[in-house]
Engineer: 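Handing you this structure, nothing more for now.
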Amino acid sequence: MSLMSERGLVEITDPEFDRPVFRQPGFDGILTAKEMDEKISAWLKNTREAKGISRADLARLLGLSVSVYGRSERGSEARMSIPRLIHLCEIMGFIPLDIIFDTAPHLWGKTPEEAEDRKTLTKIVESLPHDTIRDLIRLMKRMTPGEPSADTVVTTNSESR
């Protein structure tokens with residue numbers, strides 16, 4: 001089976017690229033790169049405003065001028081780099097899943113409901129204490145066919161002393 005059929009990729013033409021690209025359709029079709037940029041920009045602005053952070057303060061924390069950061073929120077900036085995304089996560093307290101999910105929820109499930117459930121589960125796990133996470137890993141390994149038994153969960157150095 002080819003990678004294209006295995007991943008459900010289809011060839012598309014996107015004005016942002018000189019050549020055809022292969023994409024996986026989302027729940028509402030395939031967004032162009034520009035449409036994805038617009039969704040990311042709107043998410044950034046809405047999240048910043050919801051957290052009560054001014055554009056000027058966020059720009060300063062990112063080491064940018066207000067006008068340069070403003071282009072990010074208007075979608076007129078060049079693509080966001082991964083280091084910039086990490087920096088935004090540190091400052092605004094979100095995880096990359098949050099911004100990516102809003103743009104491409106189909107990466108988390110075959111249906112919108114499944115994707116939303118996976119996101120919800122991730123957010124719940126994110127808030128659990130570490131001991132509870134370790135217990136949950138052991139339980140899930142027992143419940144998952146083909147996974148090593150719970151007894152083979154790797155322990156940390158402090159636990160194995």
Engineer: Side chains of K123 and I95: closer than 4.5 Å at any heavy-atom pair?
Structural biologist: yes

Engineer: According to a 4.5 Å side-chain heavy-atom criterion applied to Ile, Leu, Val, Met, Phe, Trp and Tyr, with indirect links allowed, do L97 and L107 form part of one hydrophobic cluster?
Structural biologist: yes

Engineer: Answer yes when E73 and R48 have at least one side-chain N-carboxylate O distance shorter than 4.0 Å, and no when they do not.
Structural biologist: yes

Engineer: Enter the distance from E49:CD to S54:OG here, rounded to the nearest 0.5 Å.
Structural biologist: 11.0 Å

Engineer: Work out which heavy atom in L62 is nearest to a heavy atom in R84; give both atom names and the distance.
Structural biologist: O-NH1, 3.3 Å

Engineer: Test your reading of the model: is there a side-chain donor-acceptor pair from H106 to the backbone of G29, 3.5 Å cut-off?
Structural biologist: no

Engineer: Any side-chain heavy atom of E116 within less than 4.5 Å of one from F101?
Structural biologist: yes

Engineer: To the nearest 0.5 angstrom, please state how far the CD atom of Q24 sits from the CD1 atom of I12.
Structural biologist: 12.0 Å

Engineer: When you check the gap from the basic side-chain N to the acidic O, do D14 and R23 get nearer than 4.0 Å?
Structural biologist: no

Engineer: Provide the closest heavy-atom pair for M92 versus L44 in the form atom of the first, atom of the second, distance.
Structural biologist: CE-CD2, 4.1 Å

Engineer: Could you pull out the closest heavy-atom pair between L9 and L3, with the gap in Å?
Structural biologist: CD1-O, 4.3 Å

Engineer: Could you check, using the six-membered ring where one of them is a Trp, whether W43 and F94 have ring centers closer than 6.0 angstrom?
Structural biologist: yes

Engineer: Can you name the nearest heavy-atom pair linking P105 to A115, along with the distance?
Structural biologist: O-CB, 3.3 Å

Engineer: Any chance you could measure F27, atom CZ, to T111, atom OG1, to the nearest 0.5 Å?
Structural biologist: 6.0 Å

Engineer: Would you say D117 and W108 make side-chain contact, with heavy atoms under 4.5 Å?
Structural biologist: no

Engineer: Count the heavy atoms of every other residue, nucleotide or ligand shown that sit under 6.0 Å from NZ of K119, and state whether that count exceeds 12.
Structural biologist: yes

Engineer: What are the two closest non-hydrogen atoms of E35 and I30, and how far apart are they?
Structural biologist: OE1-O, 4.1 Å

Engineer: State plainly whether the residues D135 and R138 are in salt-bridge range, i.e. N to O under 4.0 Å.
Structural biologist: yes

Engineer: Quick check: are there more than 12 heavy atoms from other residues, nucleotides or ligands sitting under 6.0 Å from NZ of K34?
Structural biologist: no

Engineer: Taking the side chain as every heavy atom from C-beta outward, state whether T32 and M36 have any pair of such atoms under 4.5 Å apart.
Structural biologist: no

Engineer: If you define the side chain from C-beta out and look only at heavy atoms, does anything of C89 sit under 4.5 Å from P96?
Structural biologist: yes

Engineer: Are R118 and E114 ion-paired here, with the side-chain N under 4.0 Å from a carboxylate O?
Structural biologist: yes

Engineer: May I ask whether M4 and V21 are part of the same hydrophobic cluster, defined by side-chain heavy atoms of I, L, V, M, F, W, Y residues being less than 4.5 angstrom apart, directly or through others?
Structural biologist: no

Engineer: For T103 and L31, work out which heavy atoms get closest and say how close.
Structural biologist: O-CD1, 3.7 Å

Engineer: Looking at OG1 of T132 and NE2 of H130, how far apart are the two atoms once the value is rounded to the nearest 0.5 Å?
Structural biologist: 10.0 Å

Engineer: Could you measure the distance from the CG atom of D57 to the OH atom of Y69? Nearest 0.5 Å is fine.
Structural biologist: 12.0 Å

Engineer: Could you give the distance from CG (D102) to CG (N46), rounded to the nearest 0.5 Å?
Structural biologist: 8.5 Å

Engineer: Quick check: is I86 connected to L64 through a chain of hydrophobic side chains (ILVMFWY, heavy atoms under 4.5 Å apart)?
Structural biologist: no

Engineer: What's the verdict on side-chain contact (heavy atoms from CB on, under 4.5 Å) for L88 and L58, showing C-alpha distance, side-chain angles and the deciding distance?
Structural biologist: CA-CA 9 Å; L88 281 163; L58 183 56; 4.1 Å; yes

